[in-house]
Amino acid sequence: MRICNATPADLSKLLAFREEAAAWLGALGTDQWSRPYPADRLLATIDAGVVFMVRDGEATAATITLTPEAEDGLWSDGELSEPSMFVNKLTVARTHAGQDLGGRLLDWAGDRAYRSGAVWLRLDAWTTNEPLQRYYLRHGFEHVRTVTEGGAVNGGPRVSGWLAQRSAQPVNHGFVDETTTPKPLPPA
């Protein structure tokens, strides 16, 4: 499997991934991702070069967004002064579920964050999705706190405020990495 930068041509696939994941999550009893994500915001992140796609031959197996930008209102000023990269929208196609592809993507993200000069790989997870929170804990993240105040980027109240982090470090993730060279993080 290879990982590469997403292009604008991937927008429809990314939106379909989100719908597929929302349906699967709904069947598990959570409302995670039930609100549509604005296509223009997604396209802006693709254009910014922070969305990545995992390809398995001709199939798209997964996606992850890795950005140096934190969502407003989640992390403290002190935490934001520490070099960090933030995971968003990690999604694995149901056709590729059960292979720990998400875990490998988290390893890839930690490696890329490290190569960017980050100390931390951070994320915010759905506040009420306890199985997802346990998944991140099993993959080496430590819960920092849960934030419920504020609004979501796609409207409504904040629903993704379970904050966790793990050290950014080099790791063998097993992907053929065809992504652009990570940009160094600006000094704090």
Side-chain angles (χ1 to χ4, degrees), residues 1-69 85-116 121-126 129 131-141 153-154 160 164 166 168-183:
M1 282 190 220
R2 59 191 177 85
I3 188 166
C4 56
N5 292 75
T7 68
D10 290 314
L11 180 62
S12 61
K13 182 60 163 178
L14 290 165
L15 292 170
F17 262 14
R18 181 129 177 148
E19 288 177 17
E20 177 188 54
W24 174 69
L25 290 163
L28 295 176
T30 179
D31 65 346
Q32 181 171 341
W33 290 359
S34 59
R35 285 185 291 205
Y37 196 82
D40 61 328
R41 291 184 80 116
L42 189 52
L43 187 57
T45 59
I46 293 169
D47 289 342
V50 297
V51 181
F52 304 93
M53 308 293 279
V54 175
R55 314 277 190 202
D56 184 12
E58 295 299 312
T60 302
T63 182
I64 191 170
T65 298
L66 183 64
T67 177
E69 304 298 324
M85 296 288 285
F86 300 87
V87 170
N88 295 289
K89 299 184 229 28
L90 171 60
T91 311
V92 175
R94 295 293 83 215
T95 57
H96 288 75
Q99 303 174 36
D100 198 31
L101 190 51
R104 288 177 55 201
L105 266 173
L106 291 170
D107 288 345
W108 173 86
D111 181 74
R112 186 174 180 88
Y114 176 83
R115 291 186 291 127
S116 295
L121 179 64
R122 291 179 165 151
L123 56 82
D124 59 282
W126 207 257
N129 190 338
L132 178 62
Q133 296 164 14
R134 288 191 298 272
Y135 175 84
Y136 287 128
L137 293 171
R138 285 193 310 273
H139 282 87
F141 285 83
V153 297
N154 59 340
S160 188
R166 75 179 197 191
Q169 57 190 344
V171 67
N172 180 6
H173 44 74
F175 294 117
V176 174
D177 193 337
E178 298 176 353
T179 63
T180 57
T181 301
K183 296 177 185 173

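Values reported hereafter were calculated over all heavy atoms of this structure, with side chains retained and with hydrogens, waters and symmetry mates removed.
- Across every non-hydrogen atom of Ala109 and Val87, the tightest pair is CB-CG2, 4.1 Å.
- Using modelled atom types, no side-chain atom of Arg115 and backbone atom of Lys183 make a donor-acceptor pair closer than 3.5 Å.
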| said: side chain to side chain contact (heavy atoms under 4.5 Å, CB included) for Arg166 and His139? Distances and angles first, verdict last. | reply: CA-CA 9 Å; Arg166 75 179 197 191; His139 282 87; 4.1 Å; yes
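- Looking at Trp108 and Thr179, their side chains come closer than 4.5 Å, going by heavy atoms from C-beta outward.
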Give the table of side-chain donor-acceptor pairs shorter than 3.5 Å for residues 58-67, with sequence neighbours excluded, one pair per line with atom names and distance.
residue : atom : partner : partner atom : Å
Thr60   : OG1  : Arg55   : NH1          : 2.9
Thr63   : OG1  : Phe52   : O            : 2.9
Thr67   : OG1  : Glu69   : N            : 3.0

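- Considering only heavy atoms from C-beta on, Leu15 comes within 4.5 Å of Leu42 through its side chain.
- Partners of Asp100 under the salt bridge (charged side-chain N to carboxylate O under 4.0 Å, His left out) rule, at least two apart in sequence or in another chain, do not exist in this structure.
- Asp10 places none of its side-chain heavy atoms less than 4.5 Å from the side chain of Val51.
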| said: Assess the residue pair Leu105 and Val54 against the criterion (side chain to side chain contact (heavy atoms under 4.5 Å, CB included)); give the C-alpha distance rounded to whole Å, side-chain angles, the decisive distance to 0.1 Å, and a yes or no. | reply: CA-CA 9 Å; Leu105 266 173; Val54 175; 3.7 Å; yes
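- Annotation for Leu132 and Trp126: closest pair CD2-N, 4.3 Å, computed over non-hydrogen atoms.
- With salt bridges taken as basic N to acidic carboxylate O contacts below 4.0 Å, none links Arg112 and Asp107.
- Rounding to the nearest 0.5 Å places CG of Leu137 at 7.5 Å from CD of Gln133.
- Counting heavy atoms of neighbouring residues, nucleotides and ligands inside a 6.0 Å radius, atom OH of Tyr114 does not exceed 12 of them.
- Of all the heavy atoms in Ala6 and Ile46, the pair that sits closest is O-CG2, 3.7 Å.
- Contact annotation: the side chain of Met1 approaches that of His96 to within less than 4.5 Å [non-hydrogen atoms, C-beta and beyond].
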| request: Just do the side chain to side chain contact (heavy atoms under 4.5 Å, CB included) check on Leu106 and Leu90 with the steps written out, would you? | output: CA-CA 9 Å; Leu106 291 170; Leu90 171 60; 4.0 Å; yes
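- Pairing each heavy atom of Asn5 with each of Gly49, the nearest pair is ND2-O, 3.6 Å.
- With contacts defined as side-chain heavy-atom distances shorter than 4.5 Å, the pair Ser12/Leu14 does not qualify.
- Put simply, the side chain of Phe86 does not reach to within 4.5 Å of the side chain of Leu121, judged on heavy atoms.
- Counting heavy atoms from C-beta outward, Thr95 and Asp56 have side chains that stay 4.5 Å or more apart.
- Nearest heavy atoms, Gly103 versus Tyr135: N-OH, 2.8 Å.
- Side-chain contact between Asp111 and His173 is present, with at least one heavy-atom pair separated by less than 4.5 Å.
- With sequence neighbours left out, Arg104 forms a salt bridge (charged side-chain N to carboxylate O under 4.0 Å, His left out) with no residue at all.
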